[in-house]
Amino acid sequence: MSEAKNILLVGVGGQGTILASKILSDALVKAGYDVKMSEVHGMSQRGGNVSTQIRYGEKVYSPIIGIGEADVIVAFEKMEALRWIEYLKPDGKIVINDYEIPSAPILMGKAEYPKGITETLKEKADILVLKAAEVAQSLGNPRVMNIVLLGSLVKAMDISGIDWDEVIRDNVKKGFEDINIKAFNEGMKQ
Amino acid sequence: MRVLLSGNEAIARGAYEAGLKFASAYPGTPSTEILENLVQYKDALYCEWAPNEKVALEAAIGASVAGVRSMAAMKHVGVNVAADPLFTFAYTGVTGGLVLVSADDPGMHSSQNEQDNRNYAEAARLLMLNPSDSQEAKDFMKLGLELSEKFDTPVMLHVTTRICHSKGLVEFEERKEVPAIPYEKNIAKFVATPANAQVMRAKLEERLAAMEEYSNTVSINQPEYRDTKVGVITSGVGYEYAKETFGDDASFLKLGMAFPLPRKLIKEFASKVDKLYVVEEMDPYIERHVAQLGIACEGKSLIPKYGELNTDIVRTAVFGTENPHATVEGMEAVVRPPVLCAGCPHRGFFYALSKRKNLVITGDIGCYTLGSAPPLSAIDTCFCMGGSISTGHGAAKALKLSGQDKKAVAVIGDSTFFHTGINSLIDVIYNKGNSVSVILDNRITGMTGHQENPGSGFTLMGEPTVEVDIEKLCLAIGMKKENIYVVNPLDLEETGKALDDAIAKDEPTVIITKWPCILKKFSAQDKEDFDLSPKKCRIDQEKCKKCKACVRTGCPAIHSGEAIEIDGSSCTGCTVCLQVCPFEAIEEVR
């Protein structure tokens with residue numbers, strides 16, 4: 001089996017998982033790793049769940065991972081953590097954004113949003129729960145929630161030697177560099 | 001320079017580097033981004049969205065005949081549409097190199113079926129290349145154009161969702177301009193009359209033999225010999241999964257060119273290994289050929305023959321060892337199905353349609369297929385792109401013939417109508433049907449992410465162009481003026497009245513609903529034609545009786561909990577909920 005590290009970003013269409021994935025994969029390429037990144041396109045704008053997988057190492061073959069293979073999962077939405085937990089390695093870490101986006105059956109009152117997700121997952125894995133939306137809000141821009149989560153993910157990945165400020169500057173909209181760097185650093189502190 | 005590129009970006013880059021001059025495509029997941037990326041090189045080449053895949057391939061064939069390198073790109077089911085010219089073009093061969101990109105979708109992430117188009121290469125006798133990552137996607141695109149000219153054949157570049165949408169590192173090279181081959185009239189080569197085609201068919205056998213010889217020697221088909229206890233024949237993304245499953249100890253025969261298959265090489269490889277596996281996604285395409293050579297192997301007896309593969313699935317299938325992982329009992333994530341967006345103009349129409357009874361509603365491929373989902377549940381069938389109007393016509397005739405008191409209503413989108421719906425509407429009118437054909441014109445190709453189309457006023461290369469006038473087109477093919485209804489789908493009364501009128505008539509009718517996709521970047525024309533100023537709706541909690549009529553519109557901005565509330569951040573003020581509220585509890589706020 002390959003020694004590649006596996007990162008899984010999961011969330012709901014529109015939460016900014018793609019930008020976070022792009023920043024992370026760009027950084028890993030700059031750091032000299034072989035990198036593969038895979039995402040499911042198609043229907044994500046229409047409220048579906050989205051996932052991006054990033055694999056890095058000396059040599060990466062498969063662009064995707066299976067059950068029990070993720071070193072770190074970051075769930076941009078709480079119920080998505082529950083959906084993807086079986087992809088986590090037994091000694092893996094999961095970062096969970098304490099943020100709920102009810103899906104269509106819940107909105108229509110046909111199903112209930114599961115209660116006690118973080119409490120249940122705590123017993124199963126090494127988890128970090130944060131309220132990234134509140135952190136982003138306190139920085140003055142709720143849209144940088146994804147970069148707060150990226151910061152927490154990078155901390156969980158325990159990876160060094162990357163100039164994150166530079167990679168973030170290269171990837172975010174002009175004029176929004178500083179707030180995104182702040183968001184990243186706040187995420188690292190969580 | 002090494003850049004992280006998706007397979008689709010890499011295919012576009014490869015086409016550019018190889019001196020390609022002409023490309024045509026119809027958008028379809030997972031192929032859409034190929035031309036969306038190719039257009040960045042518009043100073044060096046020409047590219048376009050065609051109304052459908054057959055037109056795209058035919059245009060690319062014309063460009064090849066006229067002497068330049070060309071390509072057509074489409075999703076797997078698009079090749080069904082383009083199959084007619086494809087099979088004959090394999091007889092005539094090319095002038096400039098031609099590559100057909102077939103993007104298959106194992107696991108049906110965004111498709112109605114998961115056919116394995118490698119079978120097409122064999123059936124039509126096309127040379128086929130099968131990249132396993134982004135670098136190969138670029139390299140094989142270039143090689144494909146060269147081999148097309150070398151062997152005088154169209155080439156299929158066969159990719160799958162994970163090749164198209166996964167990113168890997170790709171080395172860039174410069175573009176090499178390839179001079180056009182001056183056109184020379186050659187009737188015997190390009191006019192496929194029976195007399196000529198009979199000659200071509202015989203020649204095709206010679207070409208196949210030459211291509212197979214090449215397949216046996218080409219570097220992209222060479223074995224990697226290590227420990228020979230286990231040998232694996234594989235191709236495409238299957239190679240990546242096999243490599244991680246069997247590790248660096250096994251021997252591999254990776255087929256970068258999987259038609260014609262290198263039979264000599266396969267025999268030689270099989271003879272050198274003790275146990276042979278074939279790892280491939282979808283059909284047992286390679287395995288079938290290995291078996292025909294009388295070689296024993298393990299393939300689909302272990303590995304799933306449908307759905308998408310990954311390393312974990314292959315390893316579990318071959319070795320029976322499952323990865324340890326966490327399981328959560330007694331708690332399940334609620335499904336998150338895609339829904340019509342808040343503010344989608346289709347919602348108003350489908351709500352109005354769902355209130356009409358005794359209908360057979362034939363649907364089509366696009367965002368509006370989501371009209372089949374609860375609570376609207378207002379689509380009864382969906383088979384293929386462009387098929388709803390003809391299916392509705394057949395259903396209408398059958399209902400009438402068999403005395404069933406029901407009416408057929410066909411629902412199609414604007415891009416889909418241009419795709420192949422027009423022919424169907426001609427059928428309804430010509431053959432005196434009585435189905436209601438509804439064209440949901442949202443001013444763009446929605447589902448694949450907003451590509452221009454013949455009704456949107458712009459080309460792929462960003463130039464303003466003529467718009468097809470759907471209403472006039474309907475008139476021109478014989479639809480009576482009084483049987484054409486043009487409505488705002490977000491006006492439930494207007495839409496409902498048009499439906500009632502059309503359903504009551506015993507002749508062909510058309511309803512054109514016109515409102516732009518809410519996610520679209522509005523053009524100046526859109527802003528002039530429609531009131532698109534920002535609006536919101538709000539529920540007055542004192543007036544709300546919690547009857548949930550608004551919830552039953554299926555709008556994702558409406559949350560039904562202890563109170564019924566509208567999420568102001570996602571509401572666009574389309575007012576469908578306001579119109580269905582029996583207690584006037586919903587108000588519009590600007």
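Within every chain, numbering begins at 1; the chains are lettered A, B, ... in the order of the sequence lines, protein sequences first and strands thereafter. Both backbone and side-chain heavy atoms feed into the values below; hydrogens, waters and symmetry mates do not. Quick caveat, the model's predicted, so the values are computed rather than measured.
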With a 4.5 angstrom heavy-atom cut-off, could you sort out which part of [X] is near chain B: side chain, backbone, both or neither?
X	result
A:Glu123	neither
A:Pro105	side chain
A:Val29	side chain
A:Tyr33	backbone
A:Lys78	neither
A:Ile65	backbone
A:Ala111	side chain

message: Between A:Lys36 and B:Ser166 (side chain of the first, backbone of the second, donor and acceptor by atom type, cut-off under 3.5 Å), is there such a pair?
response: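 Pair absent, no side-chain N/O of A:Lys36 close to backbone of B:Ser166.
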Under 3.5 Å: donor-acceptor pair, side chain of A:Arg83, backbone of B:Val334: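 Flag set: sc A:Arg83 to bb B:Val334 pair under 3.5 Å.
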field: Min side-chain heavy-atom separation B:His325-A:Leu88 under 4.5 Å
entry: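 A side-chain contact is absent here, since even the closest heavy-atom pair is not under 4.5 Å.
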query: Considering only heavy atoms from C-beta outward, does the side chain of B:Ser560 approach that of A:Met108 to under 4.5 Å?
result: no
Could you state the interatomic distance from [atom1] ([X]) to [atom2] ([Y]), rounded to the nearest 0.5 Å?
X	Y	atom1	atom2	answer
A:Ser62	B:Lys243	OG	NZ	13.5 Å
A:Thr120	B:Glu329	OG1	CD	11.5 Å
B:Glu332	A:Met79	CD	CE	11.0 Å
A:Ile67	B:Thr311	CD1	OG1	12.5 Å

